[in-house]
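Letters A, B, ... are given to chains in the order of the sequence lines, protein chains preceding strands, and every chain is numbered from 1. Keep in mind that what you see is a predicted model, and the values were worked out from it rather than measured. When reading the values below, keep in mind they use all heavy atoms of this one structure, side chains included, and skip hydrogens, waters and symmetry mates.
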There are 2 protein chains.
Amino acid sequence: MSITKGRSVTISDVARTAGVSRAAVSKVIRNAYGVSPAMRERVEAAIGELGYRPSVAARALRGSSYRLGLEIPHVSARFMTQIMEGAKQAVAGTPYQLVLAPAHGPEYDTLESLADGLVDGIIAISPLVDPAWLEDLGRRIPVVMLGRHDHPTGYDTVVGDDIGGTRAIMTHLFELGHRRIAHLTEPEAVTRPGCGTPHAVRLETYRTVMTEAGLADLIQVARREDVPDLARAATAELLASPEPPTAIVAGHDDIAMGVLAEIAATGRHGEIAVTGYDNTDLAAHPLIDLTSVDQQGMEMGAQAATMLLERLQGRTEPRRYRATATLRIRGSSVRSPG
Amino acid sequence: MSITKGRSVTISDVARTAGVSRAAVSKVIRNAYGVSPAMRERVEAAIGELGYRPSVAARALRGSSYRLGLEIPHVSARFMTQIMEGAKQAVAGTPYQLVLAPAHGPEYDTLESLADGLVDGIIAISPLVDPAWLEDLGRRIPVVMLGRHDHPTGYDTVVGDDIGGTRAIMTHLFELGHRRIAHLTEPEAVTRPGCGTPHAVRLETYRTVMTEAGLADLIQVARREDVPDLARAATAELLASPEPPTAIVAGHDDIAMGVLAEIAATGRHGEIAVTGYDNTDLAAHPLIDLTSVDQQGMEMGAQAATMLLERLQGRTEPRRYRATATLRIRGSSVRSPG
DNA sequence: ATGAAAGCGCTAACAT
DNA sequence: ATGTTAGCGCTTTCAT
């Protein structure tokens, strides 16, 4: 908290003040081997007196920046805030600082710009980037990817149980008597069959389960950009169809909010079952009361950060963490009228 | 998108491949003066061929990192997402990259760590840091502060119209017949009279308006940490008091959500007027339908970023931007039963 | 218009 | 245990 005046103070200033070499100062600030208590004390005194703070740029150029980067596709998505919060907690208490990089447009750019020496390691949520490209990135810098169902060799993954979670939802809806169940999810780009994104897996699972239940001809899928109004519009369309669904399974809670909005706006609140995914704090709100799948977003973020720290400590074999999915049943999943 | 193999490629590699000096390459990538079209072409070809990306660390050490830092106290606060979104938009299309730094504990650390050479400029939302300290920070690096009502000389400010917004709310509630109006806001630390934070100003305004209306003895203020459950608990206490309020003015929408939750959970939805602040996307949701003040969060974030870019371009005299506040009346502000 | 050379502040051998 | 030295990759005078 000391107030620095004028030009910034460097390691040389500290060394001069303490009457030691710059290398000595460097060792002290890094807690490196071979520093006598006496020297440590003098150096620390000088650091305090001068208000010295090491330059990240200089450190990064030579070794590490002590910064961890978390790339996030949508800063406003409720699920992202869980991830950020979890990662923040996990990094607290380590010598590392977490920095978030909101992606604007293609994630390649954001990831590259993180890899350009700003951070020592990267956590990313980029369902669409090419696995080969990621393997290459992982060769240059430690990487942990969230929400990828592939099995990479050069980076770690943290993933939810999208099959289990979706199955739990469907079973629950069947038990409530629903047959005409529609699925509203993200755009084609992130839900293309086999592309391995969480939403693609949820969609596949929905289809599989419907087919298993002999309801293949009732499968109804709508894909929309994740904007509240578009989810509402899609819901309106679904409900206007000749045989409208009695239940709508939303890809995640934010989409579900749009679904609920449209249903409420047309005065039909409570008439159509709605489910979300991610169990964001909104879901538990009495006025929303949304049935959702808890996939432990905070825990996922925390695990990702922890795994990244492990890699920074030297681990090289890939690890994978799969979060559990637990259905939280609430009022939005009403019984089928039929 | 080219795939780099092995060791990272440096400016020297580019220079060698293009058959020019490193200085020449540097000039090309910075669009600096004195490069012949021919040379530019050869250099750019080499850059493309090699997939060269300048090291941020090296650039930062010598000049600028082309990174802008946005410090955020609470990543999950809905208002923050507006700010982030706005800043992101404003920075897009410039040569700068936005990085977010979530504060963990005292904001001084986060701000320092940003100033340690990671970024060329800082946008911060830190109501509590000492103005003198900020002035000093502003001397070392361009700074734009959000939500400070002071008039600094060494940095810019972006602030809302907290007086106008709060007055609008109060007037509205008076018109609905309310007299017993309580205010639920953030903890003492950020609402201490005269400390100049947005919430302190809103609180002061609330008190002033109540007093002006001759209702000084009905003033009722509750302060709570911004956690959903605590807002609920505070609401429960307010409603359990001998003369419970007929309206609750929440410091911002997230708090209002807690208030609404408690009221709904006790089956009294629609019986007590509730207002928020920030007009977050939730407020417009039919199931929430929360009267709130729109203070253009996105615009504030965008303005902050723009002002920071101006400073980077050389402006030194301080600027201030004050956003307008517009009351959005919705269903939650019910008429007083009295 | 182009290149040579001197650092920016730090870390990591390698001496001593 | 401590100090010396040589860069990390880039930008920036200053020559040419």
Once you round it to whole Å, what is the distance between [atom2] of [N] and [atom1] of [X]?
| X | N | atom1 | atom2 | result |
| --- | --- | --- | --- | --- |
| B:Arg30 | D:dG9 | CZ | C1' | 13 Å |
| B:Ile47 | D:dG9 | CD1 | P | 16 Å |
| A:Ile11 | C:dG7 | CD1 | C1' | 16 Å |
| A:Tyr66 | C:dC10 | OH | P | 13 Å |
| B:Glu41 | C:dA1 | CD | C1' | 16 Å |
| B:Leu118 | C:dG9 | CG | C1' | 15 Å |
| B:Asp120 | D:dC10 | CG | P | 16 Å |
| A:Asn31 | C:dA12 | CG | P | 13 Å |

**OP:** For the helix from C:dA1-D:dT16 to C:dT16-D:dA1, measure the angle between the helix axis at one end and the axis at the other, each built from five pairs, rounding to 10°.
**Re:** 30°
Original post:
Under 4.0 Å between a side-chain N or O of B:Tyr52 and OP1 or OP2 of D:dC10?
Top reply: yes
Original post:
Which of residues 20-28 of chain A have a heavy atom under 4.0 Å from DNA chain C?
Top reply: A:Arg22, A:Ala23, A:Ser26
**OP:** Tell me which residues in residues 54-65 of chain B put a heavy atom below 4.0 Å from DNA chain C, sorted by number, or none.
**Re:** B:Leu61, B:Arg62
Considering only heavy atoms from C-beta outward, does the side chain of [X] approach that of [Y] to under 4.5 Å?
| X | Y | result |
| --- | --- | --- |
| A:Leu137 | A:Met145 | no |
| A:Val20 | A:Val25 | yes |
| B:Val190 | B:Cys195 | no |
| B:Val159 | B:Tyr321 | no |
| B:Val99 | A:Leu100 | no |

Original post:
Will you find, in the side chains of A:Gln97 and B:Ser113, an N or O donor that is under 3.5 Å from an N or O acceptor?
Top reply: yes
Original post:
Under 3.5 Å, is there a donor-acceptor pair linking the side chains of A:Ser26 and A:Arg30?
Top reply: yes
Original post:
Hey, what's the ring geometry for A:Tyr108 with A:Trp133, parallel, tilted or perpendicular (30° and 60° as the breaks)?
Top reply: perpendicular
Original post:
Run the side chain to side chain donor-acceptor pair (under 3.5 Å) check on B:Glu49 and B:Thr17 step by step: do they pass?
Top reply: CA-CA 9 Å; B:Glu49 181 186 334; B:Thr17 308; 5.7 Å; no
Subject >> Presence of salt bridge, A:Glu186 and A:Arg192, under 4.0 angstrom >> reply: no
Original post:
Between A:Asp156 and A:Arg311, does at least one N-O distance fall below 4.0 Å, as a salt bridge requires?
Top reply: yes
